[in-house]
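Note sheet for the following structure.
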Amino acid sequence: MSHESMMARALILAERGLYTTAPNPRVGCVIAKDDEVLSEGWHQKAGEPHAEINALNQLDDKSALGADCYITLEPCSHTGRTPPCADALIKAGIKRAFIAMADPNPLVAGNGIKKLEQAGITVVTGLLQQQAEALNRGFCQRMRQNRPYIRSKIAMSLDGRTAMASGESQWITSPDARQDVQKLRAQSGAIVTGIGTVLADDPLMTVRPSQWYPQGQTVRQPLRVVVDSQFKIPKTAKILSAEGEICIATCSDKSKENIAAIKCQYLDEQIDLTELMSELAKREINDVLIEAGHQLNGGLLKAGLIDELVIYMAPKLMGNNAKGLFHLPALKKMSECIDLTISDIRAVGCDWRITAKPNHSEKN
């Protein structure tokens with residue numbers, strides 16, 4: 001097998017932790033000798049052994065001597081919740097280490113690679129780096145920019161409407177699309193919505209897994225955040241009683257019993273959304289999913305905070321009076337339009353899922 005094939009296998013292993021490793025990155029490891037795979041491992045959950053350790057634990061003390069290892073992320077060099085993986089690879093007698101990407105975590109940031117090289121291990125970096133980066137976009141962005149990767153999910157009709165004039169929006173898309181959204185929720189460290197959505201739809205915003213969720217793993221409920229500048233949320237809202245942690249992002253000094261709050265400053269007569277996202281990064285949130293109406297989505301887009309749009313387009317027409325996707329200032333010239341780069345279009349049941357990036361968010 002080629003080096004690329006070995007690393008591709010390690011990436012497939014890393015993806016098994018898509019729903020369970022947060023706030024840690026998703027990492028896979030393959031140990032091989034003479035083109036034969038000796039063992040495999042991936043990081044399954046924060047606080048548990050890393051990918052390299054899971055792979056080494058399948059071997060006896062001398063099996064890895066002189067072997068190659070393929071790791072999707074630089075091995076850690078410090079003691080955190082677990083001991084340094086770089087030390088374990090050195091002790092096992094690994095001869096060569098192929099590493100997809102350096103760890104952007106300042107606690108590692110090249111130190112793991114340096115430790116391996118000082119021990120006489122040949123290190124090759126950059127193998128399938130782009131794919132490794134994509135698997136951990138949120139972790140990388142939090143480490144480099146101190147804010148999560150922000151993905152906005154929007155359900156719309158064929159004529160670009162997200163709710164009737166009354167606010168009614170259940171359901172625009174099909175059950176297949178709504179189940180697909182569950183996967184986006186499960187990948188996210190936090191789900192952010194607005195008070196308007198809570199008052200109109202009274203949602204739970206929880207992960208309700210199906211066959212796609214890893215068997216044997218406890219469902220990790222994302223933090224749910226309601227942007228509610230005046231703290232209007234009623235105590236009877238379903239989201240307050242649903243499983244998992246919830247907090248209110250507010251500018252108000254009001255408080256309600258047993259409801260946690262994130263206090264933010266006003267900016268342009270609304271919550272400072274940049275401050276909110278920085279606060280979520282401090283809470284080790286890698287990925288944020290926005291499930292909100294046109295007001296909050298418009299504010300995030302205007303602030304340049306949306307990294308990715310996931311739009312589910314249903315074969316429906318909702319008419320001129322229905323609400324649009326974003327509340328934005330009126331644009332008068334084509335030069336003022338917000339350009340998007342579409343990366344994927346695919347059918348999900350009877351709907352279409354469009355994945356796009358606003359060009360102003362091309363930071364990486």
Side-chain angles (χ1 to χ4, degrees), residues 19 22-23 148 150-155 162-164 166-173 175 177-210 213 218-264 270-273 275-277 279-300 305-306 310 312 323 325 327:
Y19 306 117
I150 303 168
R151 175 189 285 122
S152 178
K153 182 278 298 181
I154 304 175
T162 61
M164 304 306 291
S166 64
E168 180 187 1
S169 63
Q170 297 179 335
W171 296 103
I172 294 174
T173 52
R178 299 199 296 274
Q179 187 58 227
D180 198 59
V181 171
Q182 290 292 320
K183 296 178 184 179
L184 296 180
R185 289 183 180 181
Q187 294 173 34
S188 304
I191 299 171
V192 176
T193 191
I195 184 60
T197 298
V198 171
L199 295 176
D201 296 339
D202 201 16
L204 291 169
M205 298 288 185
T206 53
V207 174
R208 298 182 285 281
S210 187
Y213 201 85
T218 302
V219 177
R220 179 183 59 85
Q221 292 294 344
L223 169 69
R224 283 156 300 140
V225 180
V226 179
V227 176
D228 181 7
S229 62
Q230 298 300 313
F231 222 129
K232 295 179 181 178
I233 190 167
K235 290 185 177 181
T236 55
K238 290 180 182 178
I239 199 169
L240 296 177
S241 59
E243 180 184 0
E245 185 183 0
I246 182 170
C247 62
I248 309 301
T250 185
C251 301
S252 173
D253 291 325
K254 298 178 183 177
S255 62
K256 294 186 179 181
E257 187 177 357
N258 299 325
I259 303 178
I262 298 176
K263 186 67 183 297
C264 297
Q270 65 175 11
I271 278 180
D272 186 334
L273 297 171
E275 181 187 6
L276 171 59
M277 294 307 164
E279 179 61 33
L280 293 181
K282 293 176 184 177
R283 298 183 181 214
E284 297 189 311
I285 301 296
N286 294 330
D287 299 273
V288 168
L289 180 64
I290 307 298
E291 294 197 50
H294 67 296
Q295 290 278 358
L296 181 54
N297 271 304
L300 289 162
L305 290 171
I306 294 180
V310 182
Y312 295 86
K323 297 180 180 180
L325 277 72
H327 178 74

Atom of [X], atom of [Y] and distance for their closest heavy-atom approach:
{"X": "Pro23", "Y": "Asn286", "result": "O-ND2, 2.9 Å"}
{"X": "Cys247", "Y": "Ala261", "result": "CB-N, 4.4 Å"}
{"X": "Val219", "Y": "Tyr213", "result": "CA-OH, 3.4 Å"}
{"X": "Ala155", "Y": "Ile172", "result": "O-CD1, 3.7 Å"}
{"X": "Arg224", "Y": "Gly244", "result": "NH2-O, 3.0 Å"}
{"X": "Pro203", "Y": "Thr197", "result": "CD-O, 3.8 Å"}

Rounded at 0.5 Å granularity, tell me how far [atom1] in [X] sits from [atom2] in [Y].
{"X": "Ile195", "Y": "Leu296", "atom1": "CD1", "atom2": "CG", "answer": "11.5 Å"}
{"X": "Ile239", "Y": "Ile259", "atom1": "CD1", "atom2": "CD1", "answer": "11.0 Å"}
{"X": "Ile246", "Y": "Ile233", "atom1": "CD1", "atom2": "CD1", "answer": "5.0 Å"}
{"X": "Arg185", "Y": "Asp287", "atom1": "CZ", "atom2": "CG", "answer": "15.5 Å"}
{"X": "Ile262", "Y": "Arg283", "atom1": "CD1", "atom2": "CZ", "answer": "4.0 Å"}
{"X": "Leu240", "Y": "Leu204", "atom1": "CG", "atom2": "CG", "answer": "11.0 Å"}

Whether the side chain of [X] engages the backbone of [Y] through a donor-acceptor N/O pair (distance < 3.5 Å, no angle test) should be reported.
{"X": "Glu245", "Y": "Leu223", "answer": "no"}
{"X": "Gln221", "Y": "Val207", "answer": "yes"}
{"X": "Thr193", "Y": "Glu291", "answer": "yes"}

Note, [X] side chain near [Y] side chain (heavy atom, < 4.5 Å):
{"X": "Gln187", "Y": "Leu289", "value": "no"}
{"X": "Gln182", "Y": "Ser210", "value": "no"}
{"X": "Thr162", "Y": "Asn297", "value": "no"}
{"X": "Ile306", "Y": "Ile290", "value": "no"}

For this session: Check step by step if side chain to side chain contact (heavy atoms under 4.5 Å, CB included) holds for Val288 and Val225.
Result: CA-CA 10 Å; Val288 168; Val225 180; over 6 Å; no
For this session: May I ask you to check whether over 12 heavy atoms, not counting those of Lys263, lie within 6.0 Å of atom NZ?
Result: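 Check passes, neighbour count above 12.
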Exercise. Step by step, would you call Gln295 with Gln270 a side chain to side chain contact (heavy atoms under 4.5 Å, CB included)?
Worked result: CA-CA 10 Å; Gln295 290 278 358; Gln270 65 175 11; over 6 Å; no
For this session: Check salt bridge (Lys or Arg N to Asp or Glu O under 4.0 Å) between Asp180 and all other residues, then give those that pass, not counting sequence neighbours.
Result: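 Asp180 satisfies salt bridge (Lys or Arg N to Asp or Glu O under 4.0 Å) with Arg353 once adjacent residues are dropped.
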For this session: Please test Thr173 against Arg178 for side chain to side chain contact (heavy atoms under 4.5 Å, CB included), starting from the C-alpha separation and ending with a verdict.
Result: CA-CA 7 Å; Thr173 52; Arg178 299 199 296 274; 3.8 Å; yes
Problem set entry | Worked check of side chain to side chain contact (heavy atoms under 4.5 Å, CB included) between Tyr19 and Arg220 | CA-CA 8 Å; Tyr19 306 117; Arg220 179 183 59 85; 5.5 Å; no
Exercise. Would you call the rings of His327 and His294 parallel, tilted or perpendicular, where under 30° means parallel and over 60° means perpendicular?
Worked result: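 Ring orientation, 0 to 90° scale: perpendicular.
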